[in-house]
Amino acid sequence: MSKCSTFVRSIAVLAVALGISATREAPAQGTAPPVETLNLAIASSAIVYGPVWIAIADRLFEKNGVQVNVVNTNALTTGSAMLVSGQADLLVTTAFLGLRIATEGKPLSYVINLSNMGARINAFISKPEIKSVEQLAALGDKCRVILLPTGTATWAIYKGVAGKYKLGCSVSSAGTPPLVLASALSGQFDAAMVNPQDAYGARDAGRANVLIDPLVIDDATANQLYPYQHPLSTVLGLRSNLEAKRGAVIRFVRALRQANEKITASTPAQLGEMTVKLTDVFASTPVSALTQQWQIQKALFPQGPTAGFISASEWNALIAAAPAVWGFANLDPNNPTVRYENIVDMSYFNSTTK
């Protein structure tokens, strides 16, 4: 059996455990039309994609009349290909990874912002014998750091860390958060940028020190490490696919808006208890670590009646950050394919009702 089919089967088992129907019987005459299905790929298990996790855990997609088939929850490097090949209708990922697809000539639509960018979304860990960032810096070019690739939040934040603390480490990259964590804990590297919940788990197991803890750093330090203000995690799709399934996409966006409201109204502990139910995704993460991650992330989720709406000014701030710290040195902000009016489609968002 292929890895993909095994994964889809495990998602179906998870859906049953959560009470989410994986398939629908044909409706009898005179009943509602069949529920449309959207295939969804998610870049990673990071809490920055929190509204999606809450929508799955609380069955909000089903309640809004859309069937969501999660085809991958580790699609950081494969999501673009899945979208272009038609394996996924929607991709949950950072806005910057979508830019790579757009600049290759694929017409995209961004339909909602899930969370905003900030230095607190990652933690910086080291192997146990390194106790501080200053000790790491003292190694000069003899230290080694492992990160996600260029075009990711961890890469962008590390640039701020390296600049502030004058780190001369050589930098390697791995394609997924689990690979970054495994490499960091293998002893091959001196430090790594990882998801906070992974950092706390490694620290509590005595396998790493947390050199930069997003729960501890003050606002001034956070702003030094990453000074830009813009959306980070988004939902996007090929324009033609989304238009063909417009009704389902509107219901999908509505469910995410409801999930955002639930995040605002819930405590980090309550959110940790919700997400730990998603055992196929968070089985190895203690609920205490998930709670800490929600505590960090809550301030970066958009709030209020228009939470999730992407404005032109926010998009322009994102485009300004792309060449500065995200590895998009050749990005032309005047390229029509990445201009707000051509790539951000808030008509789906505006069609939702509370």
Side-chain angles (χ1 to χ4, degrees), residues 3 41-49 72-85 87-88 91-106 108 110 114-115 117-126 136 141 143-163 167-186 188-199 202 208 212 214 225-226 228 230-236 318-331 338:
K3 291 183 178 179
I42 306 170
S44 75
S45 59
I47 298 298
V48 294
Y49 308 125
N72 199 317
T73 59
N74 198 27
L76 182 66
T77 56
T78 60
S80 298
M82 295 180 75
L83 199 66
V84 172
S85 68
Q87 295 178 64
L91 175 61
V92 178
T93 189
T94 69
F96 292 94
L97 290 183
L99 289 179
R100 295 198 186 281
I101 307 173
T103 54
E104 290 171 1
K106 304 296 183 182
L108 289 184
Y110 287 75
L114 299 177
S115 67
M117 179 61 183
R120 289 187 175 93
I121 67 170
N122 279 146
F124 192 45
I125 65 171
S126 68
L136 185 68
D141 62 2
C143 66
R144 299 183 67 202
V145 173
I146 183 78
L147 314 168
L148 289 174
T150 56
T152 62
T154 56
W155 183 277
I157 295 170
Y158 180 73
K159 291 200 71 171
V161 170
L167 300 182
C169 307
S170 62
V171 177
S172 299
S173 65
T176 66
L179 285 176
V180 171
L181 181 64
S183 299
L185 300 184
S186 71
Q188 300 176 62
F189 296 90
D190 299 294
M193 296 291 295
V194 299
N195 290 329
Q197 67 263 33
D198 293 331
I212 299 178
L225 298 181
Y226 195 85
Y228 301 91
H230 57 73
L232 170 64
S233 59
T234 56
V235 180
L236 54 94
L318 183 149
I319 294 298
V325 292
W326 286 78
F328 289 81
N330 297 321
L331 181 70
V338 299

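Between the CG atom in Leu148 and the OG atom in Ser173 there is a gap of 8.0 Å [rounded to 0.5 Å]. A distance of 8.0 Å separates CD1 in Ile121 from OG1 in Thr154, rounded to the nearest 0.5 Å. The CG atom of Leu108 lies 10.0 Å from the CD atom of Glu104; values are rounded to the nearest 0.5 Å. Note that CG of Asn72 is 5.0 Å distant from CE of Met82, once rounded to the nearest 0.5 Å. For the atom pair Asp190 CG and Ser126 OG, the distance stands at 8.5 Å (nearest 0.5 Å). Separation of atoms OG1 (Thr234) and CG (Leu97) is listed at 8.5 Å; rounding is to 0.5 Å.
The two residues Ala119 and Leu225 make their nearest non-hydrogen contact at CB-CB, 3.8 Å. Here the shortest heavy-atom pairing between Ala43 and Tyr49 reads CB-OH, 3.4 Å. When every heavy atom of Tyr226 is checked against every heavy atom of Val325, the shortest pair comes out as CE1-CG2, 3.8 Å. Summarising the geometry of Asn74 relative to Thr78, their closest heavy-atom pair is O-OG1, 4.3 Å, with the distance given to 0.1 Å. Nearest heavy atoms, Gly168 versus Cys143: C-SG, 4.4 Å. In this structure, Pro149 and Trp155 approach most closely via the heavy-atom pair O-CB, 3.5 Å.
At a threshold of 4.5 Å between non-hydrogen side-chain atoms, the residues Leu331 and Leu99 count as touching. Counting heavy atoms from C-beta on, the side chains of Leu76 and Pro177 come closer than 4.5 Å. Contact of the Ser44 side chain with the Thr176 side chain is not registered, since no non-hydrogen atoms from C-beta on lie closer than 4.5 Å. No side-chain heavy atom of Leu114 sits less than 4.5 Å from a side-chain heavy atom of Val48. The closest side-chain heavy-atom distance from Leu136 to Cys169 is below 4.5 Å. Within the 4.5 Å cutoff, no side-chain heavy atoms of Leu181 are placed close to those of Asn195.
Between the side chain of Arg144 and the backbone N or O of Gln188 there is at least one donor-acceptor pair closer than 3.5 Å. With hydrogens and angles disregarded, a donor-acceptor distance shorter than 3.5 Å links the side chain of Tyr110 to the backbone of Ala95. Proximity of a side-chain donor or acceptor of Asn122 to a complementary backbone N or O of Val194 within less than 3.5 Å is detected.
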query: Does the pair Val338 and Thr103 meet the rule for a side-chain contact (heavy atoms from CB on, under 4.5 Å), with working shown?
result: CA-CA 7 Å; Val338 299; Thr103 54; 4.0 Å; yes
- prompt: Step by step, would you call Ser233 with Ser115 a side chain to side chain donor-acceptor pair (under 3.5 Å)?
  reply: CA-CA 5 Å; Ser233 59; Ser115 67; 2.5 Å; yes
- request: Go through the steps to decide whether Val180 and Asp198 satisfy the test side-chain contact (heavy atoms from CB on, under 4.5 Å), and finish with yes or no.
  value: CA-CA 10 Å; Val180 171; Asp198 293 331; over 6 Å; no
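Ring geometry, Phe124 versus Tyr158: the interplanar angle falls from 30° to 60°, so the pair is classed tilted. Between Tyr228 and His230, the angle of the ring planes lies from 30° to 60°, which puts this pair in the tilted group.
Both the sub-6.0 Å distance and the 45° axial angle are satisfied by Arg100 relative to the ring of Phe328.
Screening Leu318, Leu232, Thr94 for a side-chain contact (heavy atoms from CB on, under 4.5 Å) with Met117, the sole residue that qualifies is Leu232.
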